[in-house]
Amino acid sequence: MTMIQPLPPNVCLDSSAVRRIREDKKLTQLYVSKVVGVTTDTISRWENNRYPTVKRENALRLADALEVDVEAIVQDGEAEGAPAAETSSGFRRRYRWLLAVAVLAALSVSVFFWRDRLQEVPQVGLAADRWLPQFAAPGSVLPVRIHLEPDAGLKGFILREHFPVGWQLIEANPPPSSLDNEQGTARWIVKPGEDRRIIAYLVKVDEQAAVGKTVSLVGEVVVGPEGRSKPVSVRGSAQMAVAPYHWADLNGDQRIDDGEMLLASDTFEAMKGVHLDWNQLEKIWDSGSYQWDAPADRFVPAKSVPPPVQDSPPAASGR
């Protein structure tokens with residue numbers, strides 16, 4: 001992120017703006033400090049104007065962490081170490097057009113020189129695929145997992161997941177770096193060198209969710225410091241139908257058959273680190289059927305009733 005004028009080596013932070021933006025976005029000082037690469041004490045000092053000037057690189061990283069342009073968190077015309085003429089608004093008004101002409105001229109020359117070379121630079125990125133059940137019963141707890149496929153040399157990333165307002169993330173492996181259950185947003189920071197292939201979490205459906213409605217989960221992965229790459233959307237499953245069916249019941253027939261149970265066991269294996277109720281699922285499987293107990297917010301086993309036997313039609317007479 002850059003200003004209209006090039007940033008000097010040191011810039012003056014607007015401490016009140018930093019605090020206000022962070023609190024408006026419900027970001028913790030711990031989350032911001034991890035993205036910027038400093039301590040929480042440093043973030044606190046920035047917000048309280050204890051360190052009024054910071055390095056240009058830290059200002060850019062702070063703007064990325066707060067998801068705003070850097071202009072929103074620095075003071076206009078104040079930069080330690082910048083020549084006096086550069087901090088003068090009169091200079092900017094008088095010579096801004098000269099700077100614009102110089103930039104355009106430089107760009108027009110460099111575009112042709114670097115066009116082919118940029119195409120040869122390998123793009124470091126990450127693919128993320130979500131798995132989630134087909135059904136979501138009001139008040140039930142659902143497993144969700146994100147499969148990650150990072151490219152070699154990836155220098156860490158941030159995963160953001162957004163679930164419907166009213167839903168609650170109750171457990172995750174690893175725990176989220178930032179969680180806002182009121183707005184339905186969770187963030188995970190995966191540091192450079194960390195081998196993370198699956199992020200698994202449990203989310204509780206809103207008890208007032210309207211049956212018959214289709215809901216969506218969306219997410220994105222942010223790769224690259226200082227905003228040099230755009231967020232990449234999480235692929236895979238994204239929608240569920242709100243209905244009184246167990247998450248392992250793939251066809252919504254109120255039964256967990258052998259094939260569905262086998263797939264459910266794979267889900268349990270992939271969801272290590274969070275607590276799914278395997279014993280309850282086995283009871284439902286053994287009983288042959290289940291029902292949704294809405295007041296208790298849970299599924300209960302129920303014996304399946306075989307269909308009535310139809311009387312055989314009378315045999316045709318040979319006469």
Derivation and outcome, side-chain contact (heavy atoms from CB on, under 4.5 Å), residues V141 and E171: CA-CA 10 Å; V141 175; E171 190 178 8; over 6 Å; no

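- Note: the hydrophobic cluster containing L263 does not contain F268 (ILVMFWY, side chain heavy atoms under 4.5 Å, direct or indirect links).
- Remark: L179 CG to Q168 CD distance equals 8.0 Å, nearest 0.5 Å.
- Between H246 and F299, the ring planes are tilted. Angles from 30° to 60° get that label.
- Of all heavy-atom pairs spanning A137 and P244, the tightest one is CB-CA, 4.0 Å.
- Checked by atom type and distance alone, the side chain of N181 never pairs as donor or acceptor with a backbone atom of G184 at under 3.5 Å.
- One N or O on the side chain of S177 and one on the backbone of I189 form a donor-acceptor pair closer than 3.5 Å.
- Under a hydrophobic clustering in which Ile, Leu, Val, Met, Phe, Trp and Tyr are joined whenever their side-chain heavy atoms come within less than 4.5 Å, directly or via other members, I146 and V274 fall into the same cluster.
- Going from atom OG of S216 over to atom NE2 of H162 covers 12.5 Å, rounded to the nearest 0.5 Å.
- Placement of V38 and L27 within a single hydrophobic cluster is found when ILVMFWY residues are connected by side-chain heavy-atom separations under 4.5 Å, directly or transitively.
- V190 has its side chain out of reach of L159: every pair of non-hydrogen atoms, C-beta onward, lies at least 4.5 Å apart.
- Put simply, the side chain of R235 never gets that close to the backbone of D129: no donor and acceptor are under 3.5 Å apart.
- Between W167 and V215 there is a side-chain heavy-atom pair separated by less than 4.5 Å.
- In this structure, W131 and W247 have perpendicular ring planes: the angle between them is above 60°, well past the 30° mark.
- Across I73 and A63, no two heavy atoms sit closer than the pair CD1-N, 3.8 Å.
- Under a 3.5 Å cut-off, the side chain of S44 and the backbone N or O of T40 do not form any donor-acceptor pair.
- One finds a salt bridge joining E23 and R19 here, because a Lys/Arg side-chain nitrogen approaches an Asp/Glu carboxylate oxygen to under 4.0 Å.
- Between P133 and P143 the shortest heavy-atom distance is CD-O, 3.3 Å.
- A donor-acceptor pair shorter than 3.5 Å can be found between the side chains of H147 and R145.
- At least one donor-acceptor pair closer than 3.5 Å links the side chain of W188 to the backbone N or O of P174.
- In this structure, R187 forms a cation-pi arrangement with Y31, its terminal cationic atom sitting closer than 6.0 Å to the ring centre and no more than 45° off the ring axis.
- A donor-acceptor pair under 3.5 Å links the side-chain atoms of R130 to the main chain of S237, judged by distance alone.
- When side chains are defined from C-beta on, R56 does not count as touching N10, because their heavy atoms never get closer than 4.5 Å.
- Looking at T42 and T39, their side chains come closer than 4.5 Å, going by heavy atoms from C-beta outward.
- Side-chain contact between P138 and V211 is present, with at least one heavy-atom pair separated by less than 4.5 Å.
- Looking at E47 and Q29, their side chains do bring a donor and an acceptor atom within 3.5 Å of each other.
- The closest side-chain heavy-atom distance from K191 to R196 is not below 4.5 Å.
- The distance from the CG atom of N173 to the CD1 atom of I198 is 9.5 Å, given to the nearest 0.5 Å.
- Here the shortest heavy-atom pairing between W46 and N58 reads CH2-CB, 3.9 Å.
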Verdict with supporting geometry, V218 and V234, side-chain contact (heavy atoms from CB on, under 4.5 Å): CA-CA 7 Å; V218 296; V234 176; over 6 Å; no

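- By the 4.0 Å N-to-carboxylate-O rule, D195 lies close enough to R197 to be salt-bridged with it.
- Note that CG of L62 and CD of E57 are 13.0 Å apart. Values are rounded to the nearest 0.5 Å.
- A heavy-atom distance below 4.5 Å is not found between the side chains of V242 and F135.
- Among residues at least two apart or in separate chains, side chain to side chain donor-acceptor pair (under 3.5 Å) pairs with a member in residues 198-212 are E161-Y201.
- In this structure, D180 contributes its side chain and Q183 its backbone to a donor-acceptor pair below 3.5 Å.
- Here the closest heavy-atom approach between residue R255 and residue D249 is recorded as O-OD1, 3.3 Å.
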L276 and L202: CA distance, side-chain angles, deciding distance, side-chain contact (heavy atoms from CB on, under 4.5 Å) verdict: CA-CA 8 Å; L276 281 172; L202 300 181; 3.6 Å; yes

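- Remark: the D258 side chain and the W285 side chain contain an N/O donor-acceptor pair separated by less than 3.5 Å.
- In the hydrophobic clustering of this structure, V205 does not group with V300; members are Ile, Leu, Val, Met, Phe, Trp, Tyr whose side-chain heavy atoms approach within less than 4.5 Å, directly or through other members.
- Under a hydrophobic clustering in which Ile, Leu, Val, Met, Phe, Trp and Tyr are joined whenever their side-chain heavy atoms come within less than 4.5 Å, directly or via other members, V165 and I170 fall into different clusters.
- A donor-acceptor contact closer than 3.5 angstrom is absent between the side chains of N251 and Y245.
- Counted within 6.0 Å of CD on E282, heavy atoms from surrounding residues, nucleotides or ligands total more than 12; the atom is thus considered enclosed.
- Between the side chain of Q75 and the backbone N or O of L13, at least one donor-acceptor pair lies under 3.5 Å.
- Side-chain atoms of D14 and S16 include a donor-acceptor pair closer than 3.5 Å.
- The shortest distance between side-chain heavy atoms of L148 and I199 falls below 4.5 Å.
- Of all the heavy atoms in D297 and G139, the pair that sits closest is CB-O, 3.8 Å.
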Trace of the side-chain contact (heavy atoms from CB on, under 4.5 Å) decision for Y290 with I256: CA-CA 8 Å; Y290 67 87; I256 307 296; 4.3 Å; yes

